[in-house]
Amino acid sequence: MESSSSQRVARIAAHLNPPNFELRREECRAKGGAPGFKVAILGAAGGIGQSLALLMKMNPLVSVLHLYDVVNSPGVTADISHMDTTAVVMFFLQVKEGENITMLNLLYECMHGLTLSYYCGVFIFQVRGFLGQPQLEAALTGMDLVVIPAGVPRKPGMTRDDLFNINAGIVRTLCEGVAKCCPNAVVNLISNPVNSTVPIAAEVFKKAGTYNPKRLLGVTTLDVTRANTFVGEVLGLDPKMVDVPVVGGHAGVTILPLLSQVKPPCSFTPEETEYLTKRIQDGGTEVVQAKAGAGSATLSMAYAAAKFADACLRGLKGDAGVVECAFVASEVTELPFFASKVRLGRAGAEEVYQLGPLNEYERIGLEKAKKELAESIQKGTNFIKK
Amino acid sequence: MAATSATSATSFSIGSKISFGPKASQLLLPKPSVVRFNSQKPLATFSGLKATGSMNCESESSFLGKESYAALQNSSSPRSVKSTGRTQYHLNPQASYKVAILGAAGGIGQPLALLVKMSPLVSSLNLYDIANVKGVAADLSHCNTPAQVSDFTGPSELADCLKGVNVVVIPAGVPRKPGMTRDDLFNINASIVKTLVEAVADNCPEAFIHVISNPVNSTVPIAAEVLKQKGVYDPKKLFGVTTLDVVRANTFVAQKKNLRLIDVDVPVIGGHAGITILPLLSKTKPSVCFTDEEIHELTVRIQNAGTEVVEAKAGAGSATLSMAYAAARFVESSLRALDGDGDVYECAYVQSDVADLPFFASRIKLGKKGVEALISSDLQGLTEYEQKAVEALKAELKSSIEKGVGFAQKQSVAAA
């Protein structure tokens, strides 16, 4: 029994090429000039993660794409690895303890990267990736950008806050991994409730001594996307040409679209302002209702997240003038975190812009937003501190 | 390559259980098949979904935004932009076409809908399915791109979905599970395709029809029969989507030969299942030398790539994301052709006379009326290996076609 399983281990070990994996990574670094960035998606097999993986695989700024999840990441990886775009994809599958994975038993000795490539009569199975316990570390080492859509989505009737308990724990674990393995990476946090998970992430990083407020960004791009779309509808403009700053947070009344600052400059009637503001604030709920239990926004979220990740990569590349709204550590208000326009650069969110002039309606909205946001931030911070 | 026999008890599982049949007897040495990075190679100009021919349209690159596109152009050397020497086609900014996706709430349909929503060529996107499509449409409608999204649920709304549409894409149907061939899906998917194409015939007979539902080798002939019965059959406008085989061929060849992906183009002919998929490696651009071993390995890998994904997903489905990517690329090519671009070439499974079979996949030139030309020269000057493979695939393709035609004719007799 022992000898046959160690024979199998030995035979499989003979097929492993861990040095090649190390060499390949070093080759990338040594050549310098970064022909592309290394991006990890934590939660890549989920509703948002899959479409996001598809879009990131299509982005020419990405050279390596690591897909991490607790289920199904090999399948998603095998799928998108066939696309003829430059990014190289690898899966990382976090296996739960006690799960019946015979391959894992065989390979416990060989915790290196594994290439499964064997011809079995009809089937060829060639997917590159990693499985076993410490897969989060392997997924994150050397990453430039980490995008985190992991977590559970809302069902009809739920608020983003109802997700808090599950998603808070998930975000904590994942951020601990980030702190350990790629403390300098830019983190794009999607997991709801963003108003709380970003403070959670900050506390985790502070505890680990790796906190860099410029590199932790809560993704609010979908609110901007929705704002642009709805304003485009109301005004009869091409939505790609519209730009509405959306500030505050990423839930209900904490979402504050600054319609008075829209580009191209337009004025709205009070009814239009009311309608648009409400619709932008409830956009997520609109989709949760329409999906009737089948999930929350996945495709538009993937679209927005890919857009934001791309902006971060362009910033990292050194492009000038990359400005996006994001939920970041901020001194724009008295709250420790606040979403506003930020300029993205090599250091991450290099400059956080002030809100600019607000009209009466927006000033009132701002007070309401701050009130709820303060509680959500506190809830997140307490989750770690307690 | 070392051939080692695995013990009969070997079962490899990723995530959940996958067990390989008793034929498992050889282990290939894994070849690290990663494209090596060389900083001297400039970033290829991103022209969205790569298609043969014109590189000048923004296509899916629209999601990156103009700044990113410009940034990429600045960072890459001018040499990386392919100049075809022909008149450059410039995207008409007013171009606006209506696309319908039948099966939009499914595994392929959803990401496909996302990619089509992102296309600047689309003004209307009609999404149809038997359930869940309201949510998908609500989701997508928030993306700030010009395409207007509408949802249609159930057969009673199918007609409205199709009115005035320029391109109909049909990914509807069930996917394979491990151990199934595409043919096992025949019974369910054949009826689905028949019903949907009948509605297309009634509501938008002039549209381009892209059939994705497997087994494509049979469902395209079914569609043709249905359209004939309705008296609206235009063989130039009915396509079985085989772009994914081309995408896979490009990827695997580029990996094997360390080529830049954006340069690689491999024509794939025949059909869209197992050995009916024939990559013409001898006609790869840029031209490369393969050893006989490599040819065989690559051909088999390309033929079984779909199964590779079915196995990897271990019951969770078949290729959805890469299929969506490939299908979106083909939709884009069709729209550009409709728009007047004279340089659109794709591989597709169409009614054909290049081989002695009624339907055959080969490279085609796309134009405003659909298939403008079949590139029959692809079937000349084949290597011995490829000649043999063509002969071998004909028998299976023939029987798949006959199965499809037989199904459609039987149904029409029953209905009469």
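Only a predicted model underlies this, so the values are computations on that prediction, with no experimental measurement involved. In the text below, chain A, chain B and the rest are named by the order of the sequence lines, each starting its count at 1. Computed over heavy atoms, backbone and side chain alike; hydrogens, waters and symmetry mates excluded.
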Heavy-atom distances under 4.5 Å only: say whether A:Thr298 touches chain B with side chain, backbone, both or neither.
both

Close side-chain approach of A:Val88 to B:Gln255, heavy-atom, < 4.5 Å:
no

Rounded to the nearest 0.5 Å, what separates atom CG in A:Asn228 from atom CG in B:Asn144?
5.0 Å

Start with the C-alpha distance between A:Lys57 and B:Tyr325, add both sets of side-chain angles, then the distance that settles side chain to side chain contact (heavy atoms under 4.5 Å, CB included), and finish with yes or no.
CA-CA 10 Å; A:Lys57 174 81 171 90; B:Tyr325 168 82; over 6 Å; no

Can you tell me which of B:Pro111, B:Ala305, B:Ala249 forms the most heavy-atom pairs within a distance under 4.5 Å of chain A?
B:Ala305

Counting heavy-atom pairs under 4.5 Å to chain A, which of B:Lys117, B:Arg248, B:Gln148 comes out on top?
B:Arg248

Mind checking the CG-OG1 spacing from A:Asp238 to B:Thr145? Nearest 0.5 Å is all I need.
8.5 Å

d(A:Leu54 CG, B:Gln110 CD) to nearest 0.5 Å is 12.5 Å

Please identify each residue that fulfils side chain to side chain donor-acceptor pair (under 3.5 Å) with A:Asp69, with sequence neighbours left out.
none

Pick from A:Ala302, A:Gly293, A:Pro239 with the largest number of heavy-atom pairs that fall under 4.5 Å of chain B
A:Pro239

Between A:Ser296, A:Gly283, A:Ala294, A:Gly232, who has the most heavy-atom pairs with chain B when the cutoff is under 4.5 Å?
A:Gly283

Any donor-acceptor pair under 3.5 Å from A:Ser300 side chain to B:Asp139 backbone:
yes

Leading residue by heavy atom contact count with chain B [cutoff under 4.5 Å; candidates A:Gly295, A:Ala45, A:Ala290, A:Ala227]
A:Ala290

Looking at every heavy atom in both B:His142 and A:Thr225, which two are closest together, and how far apart are they?
O-CG2, 3.0 Å

Can you give me the closest heavy-atom contact between B:Ala312 and A:Pro74, atom names plus distance?
CB-O, 4.0 Å

Atom pair CG (B:Asn250) and CE (A:Met83), whose distance is rounded to the nearest 0.5 Å
12.5 Å

Roughly how far apart are A:Leu55 CG and B:Leu321 CG, rounded to 0.5 Å?
9.5 Å

Can you tell me how far the NE2 atom of A:His82 sits from the CD1 atom of B:Ile302, to the nearest 0.5 Å?
10.0 Å

Closest non-hydrogen contact found for A:Gly75 with B:Val309 is O-CG1, 4.3 Å

So which of A:Val231, A:Val287, A:Leu237 has the largest heavy-atom pair count under 4.5 angstrom toward chain B?
A:Val287

How about A:Asp84 and B:Thr251: does a side-chain donor come under 3.5 Å of a side-chain acceptor?
no

Please classify the contact between B:Val133 and chain A as side chain, backbone, both or neither, with a heavy-atom cut-off of under 4.5 Å.
neither

Judged by atom type as modelled, is there a donor-acceptor pair below 3.5 Å linking the side chain of A:Asp79 to the main-chain atoms of B:Ala319?
no

Side chain to side chain donor-acceptor pair (under 3.5 Å) against A:Arg279, all qualifying residues, sequence neighbours excluded
A:Glu233, A:Tyr275, A:Glu286

